[in-house]
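In what follows, a single structure is set out as structure tokens and then discussed.
Computed from a prediction, not measured in an experiment: that's the story for all the values here. Chain identifiers are assigned alphabetically (A, B, ...) following the order of the sequence lines, protein sequences preceding nucleic acid strands; residue numbering begins at 1 within each chain.
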Amino acid sequence: MQAQYQPAEVERAAQAAWKASGAHRAVEQPGKRKYYCLSMFPYPSGKLHMGHVRNYTIGDVLTRYHRMRGLNVLQPMGWDAFGLPAENAAMANGVPPAKWTYDNIAYMKKQLQSLGFALDWEREIATCRPEYYKWNQWLFLRMLEKGIVYQKTGVVNWDPVDQTVLANEQVIDGRGWRTGAVVEKREIPMYYMAITRYAPQLLEALDALPGWPERVKLMQANWIGRSEGVNLAFPYTLDGQRQLLRAFTTRADTLMGVTFCAVAAEHPLASRAARDNPALAAFIEECKRGSVMEADMATMEKKGMATGLAVEHPVTGEAVPVWVGNYVLMSYGEGAVMGVPAHDERDFAFANKYGLPIRQVIAVEGESFSTDVWREWYADKTQGRCVNSGRYDGLGYQAAVGAIAADLAAKGLGEKQTTWRLRDWGISRQRYWGTPIPLIHCEGCGVVPVPDEQLPVVLPEDCVPDGSGNPLNRRRDFLHVACPKCGKLARRETDTMDTFVDSSWYYLRYACPDNPGAMVDERVNYWLPVDQYIGGIEHAILHLLYSRFWTKVMRDLGLVSIDEPFANLLTQGMVLNEIFFRREGPRRVYFNPAEVEVAVDDKGARTALTLRADGLPVESAGIGTMSKSKNNGVDPQALIEQYGADTARFFMMFTSPPEQTLEWSDSGVEGAYRFLRRVWSFAQEHAATVRAAAGAFEPRDAVLRREVHALLGQASYDMERKQFNTVASAGMKLLNALQESAAEASAAALREGLGVLLRVLYPVTPHLAHVLWTELGYGADITLSPWPQVDQAALVQDKIELVLQVNGKLRGSLLVARDAGREAIEHAALAHPGVLRFTNGAVPRKVVVVPGRLVNVVV
RNA sequence: GCCGGGGUGGCGGAACGGUAGACGCAGCGGACUCAAAAUCCGCCGGGGGCAACCCCGUGAGGGUUCGAAUCCCUCUCCCGGCACCA
């Protein structure tokens, strides 16, 4: 090999060797401990982005490290291949989503291979292949049989100009991204998966996941959102009918403070009231404009209008006016809420805005209530007592809820209830590029499931969406089908499934991707659960929750034996970069940071942002996650081509810890490259010595060996806690130490130290480590060598340094014997000139001795 | 708005509640060179001091502790999620 580091040559050689030996193939070996290391599969957007490089390098480091620890490791890869971007690309270029997707997969696969990941490519899957999505359809039908899938209406964003359903992403400031038309809410029939039925399990099982980050479990728990309260009813008489308005509340203790009720715009009571009230009808129409996103709902101005109708208070029988509120969601609970302005901040603002009465029914001692200003304690249920509440006066929260619930129950107007924030999962998408929902609509027989033997319902791959709705609706060869029941001409369902369906079980299919006859088989029991799952923090809730749900459904269907799919989870921080754009009408056109010239003054402050191509200004939208839609990604390909895969991998690991967000910056890549070049040169320079080394360690090796083993200890510790940036820096420190001692160290110590360095680096920079390992005669194949062991004997020191503090401030240091007693240490510390200077001879009030670390003298 | 996370030199970051700034990037000075690149050596939070050394310093303010970047409270800014982006 060359004296100079040639990454292209090194990487070609190493990858050829791995290919020849089948080093990355995973084979079931009953009895051997397995380690299933899985990174979230990519959407084939065109080319890899930095987030992928980060994600898959983390996975590869863990894979290679655990192979060194003797585990049977599976690391597969595949493609989350259905989705909206393929349709957007079709609209832009006229290329069918299928072709675009397959081309992207081919290119990205090459990129992944060039990075040298230890992936078992024989298990590759793509969710857009019929062999895969057949099982989406098959399980959908099983869930339909079990009643876990059902139909009801759902609200979608409707673009009135393009006459099409828009994704939330396609709604910008309440308008359609292509047409600029004000988006409307529209109710359409959809299929739902009853994830709420699993809500208690999904919540409780979080406790059985010690390998998950607390923050993710907390987010999931809050998302599932168990709350205990009372489902109560306000009776009313309308059109001669005695009826009930139902509402759920966690604050039944404030029931006596109800001064109004608010219902959603879609609520039957609202529609009834609007019949002979044009102003109200207009208001309801207004509520139906705008997006369906929760964030928009939460930040919009709270508006309401009286219906003119009233219901009866369930305890007092008093008339309570009913309002329509734009902030009340039909999809939450009963689509109606009781208004208690005195003790709910939103109701307080609403009542003050519309002049509704505010009635205080909770008091806290020493606090005075005012209808003018909201104060936090108004809503505090921990220290309040009921007032102005008749027979409930004086009761605390729990007692009042109990008493009121009991009274309501006696009247048949309410009962205690546990509700969940979690809503059922609507999986219907009015889009082409997804899994066809396997149903047939027959005029005579209604909705008929496609028989199992006719699966998969194959999606035609030559459609080109044009933005005017699902092209499947114009494909007669797809639409027209004989009804499986009566044989008459019927129509296929053209809605496709949410792509979260695809990603909810792909990790199971990696165990048995070649099985045409079953969704999963025996091999799933060997490999699952996933021992280490790695992916972006942005998936902390939805993808992970849906996957947990599917696993439980499959368990209940007897298909798998596990309860939870992912034993350990590493949530990688996002890779961020600045976002640049120009406004063009209602749209934003984004420019890649590489195309933007940032002018600065001599203090480094920005003076101008211009596009290189035309010299005209662009705007910055701040910093955000690298994404195709914001066009702020950095192409890792240039990095790989210029410096090689090992540099790209090393830099990604070195630059920040895995869980932390990473703001992209090019500087530092040079440093990583320089380091690998130094490793290479050092190895070449000492190759002869190291190859021939046979002797024993010399006494003069003590300093180097202590350092090598201390650094190895640190690297091992950091590898276990997955803090790879300090593993990388341990590698740098190892090289520094070796270079400093190279002249005086024995050949044996040099050989040991370099051997440790190569194995510490191997998971991160496998190509370089592989080639040098073989070349320096360490053994046949580094992929088969174990992780090195710390030699405890090399760490022992005769004297240790203690830090001296006076009142917690550093005042010097003290060298003491390893086994010095507390009294001797205290004595020496008090006699130390640095300490004496600050104690002024005074008798210390206290002396804190932390063995092996420090002495703190308190005066 | 709600839920979750974060803020440490010019920059990325390090630091079982125990020497803040390891390791690296950038910068500055030097060696080598006709010169440059590469490489090597040194300096590198702010202030004061000839020096020994001292004071200040981990987004802001308060608290707990012998001792706080680390634990607690309040605030602030940034990032992620909010159910049809994946």
Side-chain angles (χ1 to χ4, degrees), chain A residues 40 42-43 45 80 82-85 88 154 156-157 165-171 213-216 218-223 225 292-300 327 331 346 421-431 498-500 503 536-543 545-546 571 573-574 576 604 622-625 627-629 651 654-657 659-663 665 667-672 674-675 677-678 681 723 725-726 728-733 736 801-813 834 837 844-848 850 853-859:
Chain A
M40 289 181 186
Y43 178 79
S45 55
D80 188 12
F82 276 137
L84 203 52
N88 294 340
V156 295
N157 301 303
V165 175
L166 298 179
N168 284 337
E169 187 189 49
Q170 298 170 321
V171 179
E214 284 305 320
R215 58 171 167 160
V216 174
L218 196 55
M219 280 191 263
Q220 292 218 348
N222 289 340
W223 184 263
V292 301
M293 289 159 74
E294 197 201 77
D296 292 341
M297 300 292 287
T299 48
M300 73 186 174
Y327 61 94
S331 48
R346 191 174 58 185
R421 205 189 77 96
L422 182 66
R423 307 199 299 261
D424 276 344
W425 175 14
I427 60 143
S428 297
R429 296 292 179 270
Q430 297 68 45
R431 273 179 242 301
D498 181 4
T499 56
F500 275 124
S503 55
I537 183 67
E538 71 274 21
H539 295 292
I541 296 176
L542 291 179
H543 161 61
L545 194 65
Y546 292 145
T571 46
M574 313 261 312
L576 311 180
I623 201 142
T625 156
S627 75
K628 188 136 179 122
S629 62
F651 174 65
F654 176 69
T655 201
S656 84
E659 307 234 52
Q660 197 162 303
T661 53
L662 187 159
E663 281 178 33
S665 149
S667 63
V669 178
E670 278 286 346
R674 199 175 303 157
F675 167 67
R677 254 183 356 226
R678 278 176 58 210
S681 313
Q723 187 172 285
N725 57 326
T726 48
S729 76
M732 289 176 151
K733 290 176 187 175
N736 291 346
E801 195 186 24
L802 293 183
V803 166
L804 295 183
Q805 296 182 337
V806 177
N807 291 335
K809 279 181 191 272
L810 176 70
R811 297 304 179 196
S813 68
R837 195 140 37 92
R845 289 195 322 189
K846 189 174 178 182
V847 180
V848 179
V850 181
R853 294 217 66 112
L854 63 71
V855 182
N856 186 16
V857 180
V858 185
V859 290

Under the salt bridge (charged side-chain N to carboxylate O under 4.0 Å, His left out) rule, collect the residues that match up with [X], sequence neighbours excluded.
X: A/R215; result: A/E659
X: A/E670; result: none
X: A/R421; result: A/E294

Give [X] one of three labels, base, sugar-phosphate or nothing, depending on what nucleic acid heavy atoms sit under 4.0 Å from its own.
X: A/A540; result: nothing
X: A/F500; result: base
X: A/T299; result: base
X: A/V847; result: nothing
X: A/V156; result: base
X: A/S681; result: nothing

Which of the following nucleotides, [options], is nearest to the side chain of [X]?
X: A/A295; options: B/rG1, B/rA83, B/rG81; value: B/rG1
X: A/E294; options: B/rC79, B/rA83, B/rC54; value: B/rA83
X: A/V858; options: B/rG4, B/rA86, B/rC66; value: B/rC66

When the distance from [atom1] of [X] to [atom2] of [N] is rounded to whole Å, what number comes out?
X: A/M293; N: B/rA83; atom1: CE; atom2: P; value: 6 Å
X: A/M574; N: B/rG6; atom1: CE; atom2: P; value: 16 Å
X: A/N168; N: B/rG81; atom1: CG; atom2: P; value: 13 Å
X: A/R429; N: B/rA83; atom1: CZ; atom2: C1'; value: 9 Å
X: A/M297; N: B/rC3; atom1: CE; atom2: C1'; value: 18 Å
X: A/E670; N: B/rA26; atom1: CD; atom2: P; value: 7 Å
X: A/L218; N: B/rG80; atom1: CG; atom2: C1'; value: 14 Å
X: A/W223; N: B/rG4; atom1: CH2; atom2: C1'; value: 12 Å

State which residues pass side-chain hydrogen bond (donor to acceptor under 3.5 Å, both in side chains) with [X]; sequence neighbours excluded, sorted by chain then number.
X: A/N222; answer: none
X: A/N856; answer: none
X: A/E801; answer: A/S813
X: A/R423; answer: A/Y332

With sequence neighbours left out, the residues meeting ring-ring contact (aromatic ring centres under 6.0 Å, His included) with A/Y327 are A/F350
Hits for ring-ring contact (aromatic ring centres under 6.0 Å, His included) against A/Y43, two or more places apart or cross-chain, chain-then-number order -> none
If you measure from the [atom1] atom in [N] to the same atom in [M], how many Å do you get, rounded?
N: B/rC3; M: B/rU8; atom1: C1'; answer: 27 Å
N: B/rU33; M: B/rA37; atom1: P; answer: 15 Å
N: B/rG42; M: B/rA22; atom1: P; answer: 15 Å
N: B/rG45; M: B/rA20; atom1: C1'; answer: 10 Å
N: B/rG18; M: B/rA83; atom1: P; answer: 42 Å
N: B/rC56; M: B/rG67; atom1: P; answer: 15 Å
N: B/rG21; M: B/rG46; atom1: C1'; answer: 13 Å
N: B/rA52; M: B/rU64; atom1: C1'; answer: 37 Å

Check this one for me: any side-chain N or O of [X] less than 4.0 Å away from OP1 or OP2 of [N]?
X: A/K809; N: B/rG57; value: no
X: A/R674; N: B/rA26; value: yes
X: A/R677; N: B/rU39; value: yes
X: A/R421; N: B/rC82; value: no
X: A/R837; N: B/rC54; value: yes

Could you go step by step and tell me if A/Q170 and A/N88 meet the side-chain contact (heavy atoms from CB on, under 4.5 Å) rule?
CA-CA 11 Å; A/Q170 298 170 321; A/N88 294 340; 3.8 Å; yes
Flag for A/N736-A/R678: side-chain donor and acceptor within less than 3.5 Å:
yes
Produce the list of close N/O pairs, under 3.5 Å, pairing protein atoms with atoms of nucleotides 29-32 of chain B; give distances to one decimal.
none

Base-contact (B) and sugar-phosphate-only (S) positions in nucleotides 13-23 of chain B, heavy-atom cut-off under 4.0 Å, - elsewhere:
SSSB-BB--BB
Report yes or no: does A/N157 contribute a side-chain atom to a donor-acceptor pair with the main-chain N or O of A/L166 at less than 3.5 Å?
yes
Start at the 5' end of RNA chain B and walk down; is the nucleotide closest to A/R678 or to A/I537 reached first?
A/R678
5' precedence on RNA chain B between A/H539 and A/A298 (nearest-nucleotide basis)
A/A298
What's the spacing between A/S729 OG and A/Q723 CD if we round to 0.5 Å?
8.5 Å
What is the glycosidic conformation of B/rG46: syn, defined as within 90° of 0, or anti?
anti
State, yes or no, whether a side-chain contact exists between A/L854 and A/L802 at a heavy-atom distance under 4.5 Å.
no
Under 3.5 Å for both distances, Watson-Crick or G-U wobble, that's the pair rule; now give the dot-bracket for RNA chain B, with | marking pairs to another strand and [ ] for crossing ones.
(((((((..(((.....[....))).(((((.......))))).((((....))))..(((((..]....))))))))))))....
Between A/L662 and A/T655, is the side-chain contact (heavy atoms from CB on, under 4.5 Å) condition met? List the steps.
CA-CA 8 Å; A/L662 187 159; A/T655 201; 3.3 Å; yes
